[in-house]
Amino acid sequence: MKELLPVKLNIYQFSNNPILSIFNISFYHTAIEFADTEFAFGNNCEDEGIYYLSPKSYNALFLESITLGDCDRRTFFKALEKLRVHFKGNTYNIFFKNCNHFTNSLSRLLFEKELPKKYTKFLSLGDVLRKVF
């Protein structure tokens, strides 16, 4: 029998940006916690955009963890490997492909769930910019 482990969405808030606050938008960093490891996406890695760290250790204000569901190791790492192709460090873009896009993609792959709307307002700003520019 496969051991099922919880998959959590960890949410952090960066300090409020005065420009974004005009639009009532806060920027959140999100990561996925699984098996005592937190997985995130950023441009701080050479080719590997997906990186890992200790849970709840990201350098921003930790807000909350939301349990997305339970998953076995094989299924989780298979989904993670599928996303590695699309989330390389050199593809990171604050508006169009950031940590929230990564965690949303992983959540959809594993559980067919989207991130909570209150944490994805910044994602919609990228969609607006894409239409304007």
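- What you find for P55 and T37 is that their closest heavy atoms are CG-N, 4.0 Å.
- Separation of atoms NZ (K82) and CG (L106) is listed at 11.0 Å; rounding is to 0.5 Å.
- I94 places a side-chain heavy atom less than 4.5 Å from the side chain of F27.
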### Task
Take T103 and N100, measure what side-chain hydrogen bond (donor to acceptor under 3.5 Å, both in side chains) needs, and give me the verdict at the end.
CA-CA 5 Å; T103 55; N100 300 307; 4.6 Å; no

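- Ring to ring, F87 and F39 are not that close: their centroids are 6.0 angstrom or more apart.
- When side chains are defined from C-beta on, I50 counts as touching L80, because their heavy atoms get closer than 4.5 Å.
- The distance from the CZ atom of F34 to the CG atom of L5 is 4.5 Å, given to the nearest 0.5 Å.
- You'll find the ring centres of F41 and Y92 inside the 6.0 Å limit.
- Here the SG-CG distance, from C99 to N43, works out to 10.5 Å after rounding to the nearest 0.5 Å.
- In terms of heavy-atom proximity, L68 sits nearest to S107 at CD1-OG, 3.9 Å.
- Here salt bridge (Lys or Arg N to Asp or Glu O under 4.0 Å) pairs that include residues 104-114, with residues two or more places apart or in two chains, are R108-E114.
- Side-chain atoms of N104 and H101 form no donor-acceptor pair, as typed in the model, at a separation below 3.5 Å.
- Using a cut-off of 4.0 Å between Lys/Arg side-chain N and Asp/Glu carboxylate O, E81 and K78 are scored as not salt-bridged.
- Atom CG of D70 and atom NZ of K2 lie 14.0 Å apart (nearest 0.5 Å).
- Residues T91 and H86 share a closest heavy-atom pair of OG1-O, 3.6 Å.
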### Task
Determine, stepwise, if the pair F76 / I32 fulfils side-chain contact (heavy atoms from CB on, under 4.5 Å).
CA-CA 11 Å; F76 180 86; I32 298 288; 3.9 Å; yes

#### Entry: Working for side-chain contact (heavy atoms from CB on, under 4.5 Å), residues L109 and L83
CA-CA 9 Å; L109 265 177; L83 292 179; 3.8 Å; yes

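- Residues L9 and I11 form a side-chain contact, since some pair of their non-hydrogen atoms from C-beta on lies under 4.5 Å apart.
- Within 6.0 Å of atom CG in D36, 12 or fewer heavy atoms from other residues, nucleotides or ligands are found, so the atom counts as exposed in its surroundings.
- For the pair L115 and I66, the minimum side-chain heavy-atom distance is 4.5 Å or more.
- Atoms CG and NE2, on N59 and H29 in that order, are 10.5 Å from each other to the nearest 0.5 Å.
- Side-chain atoms of P116 and Y119, non-hydrogen and from C-beta on, do get closer than 4.5 Å to each other.
- When all heavy atoms are compared, the tightest approach of R73 to A35 is NH1-CB, 3.5 Å.
- Between C71 and L110, the shortest heavy-atom contact is SG-CD2, 3.9 Å.
- Of all heavy-atom pairs between F62 and S65, the closest is CZ-OG, 3.5 Å.
- At a threshold of 4.0 Å, the pair E38-K8 does not count as salt-bridged, since none of the basic side-chain nitrogens sits closer than that to a carboxylate oxygen.
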